[in-house]
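Right, one structure below, let's go through it.
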Amino acid sequence: DAGVIQSPRHEVTEMGQEVTLRCKPISGHDYLFWYRQTMMRGLELLIYFNNNVPIDDSGMPEDRFSAKMPNASFSTLKIQPSEPRDSAVYFCASSSKDRVFNEQYFGPGTRLTVT
Amino acid sequence: DQQVKQNSPSLSVQEGRISILNCDYTNSMFDYFLWYKKYPAEGPTFLISISSIKDKNEDGRFTVFLNKSAKHLSLHIVPSQPGDSAVYFCAARGGNKLVFGAGTILRVKS
């Protein structure tokens with residue numbers, strides 16, 4: 001299996017622009033997670049889905065952030081409008097239902113820079 | 001309010017010696033603990049875990065110890081190898097979430 005795939009790997013954008021991050025989970029995994037990594041706060045859970053349905057979005061920082069999972073093999077995290085403080089590495093992770101909160105498989109991340 | 005804390009941002013160890021990475025938590029409801037390892041430009045990968053009903057779990061060179069009364073866990077790597085140089089994240093399961101610490105950078109010098 002190819003593992004969790006994220007695109008783009010790097011994104012540089014100007015403040016105010018819309019940013020869309022993409023994720024393809026491991027085939028057969030029922031759960032998908034979006035995390036953000038910063039130096040100050042480490043890895044923070046933003047939102048997670050079960051069977052394409054958002055279950056907990058309490059970690060989403062503001063209304064500028066939104067996430068969708070239109071099918072089992074694709075999810076997006078959108079920031080509109082983007083701000084410099086959104087600069088971070090964003091990870092997508094997936095897991096099967098029997099290992100969902102024991103072990104998650106992470107993608108390589110998208111490094112976002114907002115200038 | 002960080003529920004999982006890794007107070008040492010970095011650790012440097014000589015090859016062949018023991019590496020000890022520490023993690024403290026505040027929520028007594030956490031029932032499962034994990035360590036993830038992360039190399040540059042890659043996502044974190046699962047390393048080892050321990051249930052709250054145990055106090056030790058061993059997997060090869062890696063051992064995790066849990067002290068529930070102190071709300072403290074540690075990861076021991078013996079012997080340390082240069083390939084172990086990475087960022088190590090401690091994580092705890094609470095309800096339906098994994099809560100991660102900020103990570104500790106381990107450097108193993110050859």
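Lettering of chains follows the sequences in order, A, B, ..., and the numbering in each one begins at 1. Worth knowing before you read on, the calculation uses all heavy atoms, side chains too, and leaves out hydrogens, waters and symmetry mates.
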(message) Determine whether Arg85(A) and Glu62(A) satisfy the following criterion, salt bridge (charged side-chain N to carboxylate O under 4.0 Å, His left out), listing intermediate values before the conclusion.
(response) CA-CA 12 Å; Arg85(A) 59 194 168 120; Glu62(A) 301 171 33; 2.8 Å; yes
(message) With a 4.5 angstrom heavy-atom cut-off, is it the side chain or the backbone of Thr110(A) that approaches chain B, or both, or neither?
(response)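 Neither part; nothing is under 4.5 Å.
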(request) Answer with side chain, backbone, both or neither: which region of Leu45(A) has an atom nearer than 4.5 Å to a non-hydrogen atom of chain B? (result)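 Side chain only.
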(message) Run Gln104(A) and Tyr35(A) through side chain to side chain donor-acceptor pair (under 3.5 Å) and show every step you take.
(response) CA-CA 12 Å; Gln104(A) 298 174 10; Tyr35(A) 289 89; 2.8 Å; yes
(request) Check the side chains of Tyr32(B) and Ser49(B) for a donor-acceptor pair under 3.5 angstrom, ignoring hydrogens and angles. (result)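 Indeed, the side chains of Ser49(B) and Tyr32(B) share at least one donor-acceptor pair under 3.5 Å.
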(request) Kindly determine whether Lys68(B) and Asp55(B) satisfy salt bridge (charged side-chain N to carboxylate O under 4.0 Å, His left out), including the steps that lead there. (result) CA-CA 8 Å; Lys68(B) 285 184 65 178; Asp55(B) 55 17; over 6 Å; no
(request) State plainly whether the residues Arg64(A) and Glu83(A) are in salt-bridge range, i.e. N to O under 4.0 Å. (result)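 So Arg64(A) pairs with Glu83(A) through a salt bridge.
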Most heavy-atom pairs under 4.5 angstrom with chain B, which of [options]?
options: Pro108(A), Gly42(A), Gly109(A); value: Pro108(A)
options: Val89(A), Asp56(A), Ile55(A); value: Asp56(A)
options: Met39(A), Met40(A), Gln37(A), Arg111(A); value: Gln37(A)

